[in-house]
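Before anything else, here's the structure in question.
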Amino acid sequence: MSQNVACIGVGNIGRAWAIAFARGGCTVRLFDAMPESLERSLSMIRQSLEDLVKADLVQDADALMARIHIATTAQEAVDGADHVQESAVENLELKQKLFTELDAICAPETVIATSSSEFMSSQLIGDVQHPERIMVAHPFNPPYLIPLVELSGHTGTSQAVIDRSRALFEGIGMAPVVVKKEIKAFLLNRLQAAVVAESLYLVGNGYCSAQDLDRAMTNGLALRWAFIGPFMTGHLNASGGYRDYMRDDGYGGTYRRMIADLANDHEWDYSLPVAVSEEMEEMVPTSEVAKGQRWRDRRLMALLKHKRDAEDYSGS
Ligand SMILES: NC(=O)c1ccc[n+]([C@@H]2O[C@H](COP(=O)([O-])OP(=O)(O)OC[C@H]3O[C@@H](n4cnc5c(N)ncnc54)[C@H](O)[C@@H]3O)[C@@H](O)[C@H]2O)c1
């Protein structure tokens, strides 16, 4: 993929995006309102690349670095860009202003996507001239390790823009999914919130420890969820496929009863997260969170390598 990409805002997510785009063959220009963020981002990108080389996920760190350039103005960053990935700080007013500015300085055919975790693209188009090229491309941290990117337009985003973005993200080896109608928090964070809500309910009401709840997830559901989702899981659990699995006199009925029994009071007292934290700290002390993050990323890299090398279903 030899497209030109501008990363606007290069904090945690913007600098990780730079790696994902450059690894995919794009030329990347970085711009940030804070010059010190720009300088810091280059050394942090190099550090991350060393880990990726060790994990055999990047072959030539120097070649990749050579595709990443610093721009001193937003205009310089977006000149000739096919795609602009905005990852400035999460503040609606700031993003609205920034989108108006970016829309004014980008060529009309440039796609402008926000990384926002919370805001929908319809909230950013108030004063823009070309709303049809504005959309959300929501990543997970860090996008060079987690391939999923959620693409979400507003009702005026053109289908061609969504299609081009999908092709770009697939072209750099990511796994885009399209959110067909705007919805708060998009897809994965809604799914995650449902699991977090029930986890807090189960631990908060004394059904299990926080450590056992995590153990149940990592030794149970998460093992297969790394390669098949909840629908394919059901499909492969019944000889007649998903329609058989979900019959009302089968697991469909079981799920209806289980779902009716799920917690629907999602309030909790802050003492609950504190108690959960104490259990987590027995395993990773707060002073070692950074070490824990590096361990997590190494495990993620190994899993990613396995997924990359693993065969897809081929029918044999
Ligand atoms: N951190 C995550 O886990 C995560 C995950 C998915 C999406 N996001 C989204 O990514 C975006 C960035 O989050 P982050 O965690 O990287 O934040 P961050 O605070 O680490 O970085 C934000 C950067 O934006 C820069 N900035 C502020 N105003 C700017 C402007 N007007 N123009 C250019 N740069 C500007 C800041 O100097 C900073 O370097 C947010 O919209 C967030 O919702 C974050």
Side-chain angles (χ1 to χ4, degrees), residues 5-21 28-45 47-48 68-79 81 83-106 110 112-128 134-152 154 165 169 174-177 179 182-193 196 289-290 292-294 296-297 300:
V5 174
C7 289
I8 304 293
V10 286
N12 287 301
I13 282 293
R15 63 172 170 262
W17 265 128
I19 295 176
F21 285 120
V28 184
R29 284 200 222 118
L30 313 179
F31 175 73
D32 195 287
M34 309 280 281
E36 58 271 27
S37 284
L38 271 176
E39 281 155 32
R40 202 175 41 236
S41 68
L42 277 188
S43 69
M44 295 187 80
I45 287 171
Q47 217 176 349
S48 304
I68 301 177
H69 310 277
I70 284 200
T72 48
T73 61
Q75 178 73 69
E76 186 188 330
V78 305
D79 265 350
H83 179 97
V84 171
Q85 187 70 36
E86 176 275 322
S87 311
V89 73
E90 189 78 336
N91 174 303
L92 184 56
E93 233 174 276
L94 182 146
K95 283 195 192 278
Q96 284 169 332
K97 201 164 158 270
L98 185 53
F99 265 72
T100 307
E101 283 167 24
L102 290 172
D103 179 64
I105 60 175
C106 286
T110 303
I112 313 179
T114 178
S115 299
S116 176
S117 298
E118 183 182 355
F119 308 126
M120 296 182 283
S121 54
S122 58
Q123 295 175 275
L124 305 176
I125 54 172
D127 293 321
V128 306
I134 308 280
M135 59 180 289
V136 174
H138 178 237
F140 293 84
N141 194 15
Y144 58 81
L145 290 184
I146 310 269
L148 177 65
V149 51
E150 297 175 323
L151 309 182
S152 173
H154 53 89
S165 302
F169 289 112
M174 294 190 71
V177 296
V179 184
E182 280 199 319
I183 185 166
K184 275 189 193 156
F186 318 118
L187 307 181
L188 198 67
N189 279 338
R190 293 182 75 87
L191 294 174
Q192 180 160 260
V196 167
V289 165
Q293 288 170 346
R294 284 198 299 278
R296 174 201 63 196
D297 288 351
L300 261 176

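Hydrogens, waters and symmetry mates are skipped; everything else that's a heavy atom, side chains included, is used. First listed ligand is number 1; within each ligand, the first listed atom is number 1.
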Practice problem: State which residues pass side chain to side chain contact (heavy atoms under 4.5 Å, CB included) with E76; sequence neighbours excluded, sorted by chain then number. | Solution: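 Residues passing side chain to side chain contact (heavy atoms under 4.5 Å, CB included) with E76: A71, T72, T73.
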Quiz prompt | Distance (rounded to the nearest 0.5 Å) between Q123 CD and H154 NE2 | solution =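 The distance works out to 11.5 Å.
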Self-check item: Listed partners of F186 passing ring-ring contact (aromatic ring centres under 6.0 Å, His included), at least two apart
Solution: H138
Self-check item: H83 and F169 aromatic centres sub-6.0 Å
Solution: yes
Quiz prompt | salt_bridge(K97, E101) N-O dist < 4.0 Å | solution = yes
Exercise. List for me each residue that meets side chain to side chain donor-acceptor pair (under 3.5 Å) alongside S152, sequence neighbours excluded, and say none if there are none.
Key: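 Side chain to side chain donor-acceptor pair (under 3.5 Å) list for S152, sorted by chain: empty.
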As a test of reading the model: which N/O atoms of the protein lie under 3.5 Å from N/O atoms of ligand 1, and at what distance?
residue: ligand 1; atom: 8 (N); partner: S117; partner atom: OG; Å: 3.4
residue: ligand 1; atom: 16 (O); partner: N12; partner atom: N; Å: 3.2
residue: ligand 1; atom: 16 (O); partner: I13; partner atom: N; Å: 2.8
residue: ligand 1; atom: 20 (O); partner: N12; partner atom: N; Å: 3.0
residue: ligand 1; atom: 20 (O); partner: N12; partner atom: ND2; Å: 3.1
residue: ligand 1; atom: 24 (O); partner: V89; partner atom: N; Å: 3.4
residue: ligand 1; atom: 34 (N); partner: A33; partner atom: N; Å: 3.2
residue: ligand 1; atom: 37 (O); partner: D32; partner atom: OD1; Å: 2.6
residue: ligand 1; atom: 39 (O); partner: D32; partner atom: OD1; Å: 3.4
residue: ligand 1; atom: 39 (O); partner: D32; partner atom: OD2; Å: 2.6
residue: ligand 1; atom: 39 (O); partner: S37; partner atom: OG; Å: 3.0
residue: ligand 1; atom: 41 (O); partner: A88; partner atom: O; Å: 3.4
residue: ligand 1; atom: 41 (O); partner: E90; partner atom: OE1; Å: 2.5
residue: ligand 1; atom: 41 (O); partner: K95; partner atom: NZ; Å: 2.8
residue: ligand 1; atom: 43 (O); partner: E90; partner atom: OE1; Å: 2.9
residue: ligand 1; atom: 43 (O); partner: E90; partner atom: OE2; Å: 3.3
residue: ligand 1; atom: 43 (O); partner: S117; partner atom: N; Å: 3.1
residue: ligand 1; atom: 43 (O); partner: S117; partner atom: OG; Å: 3.2

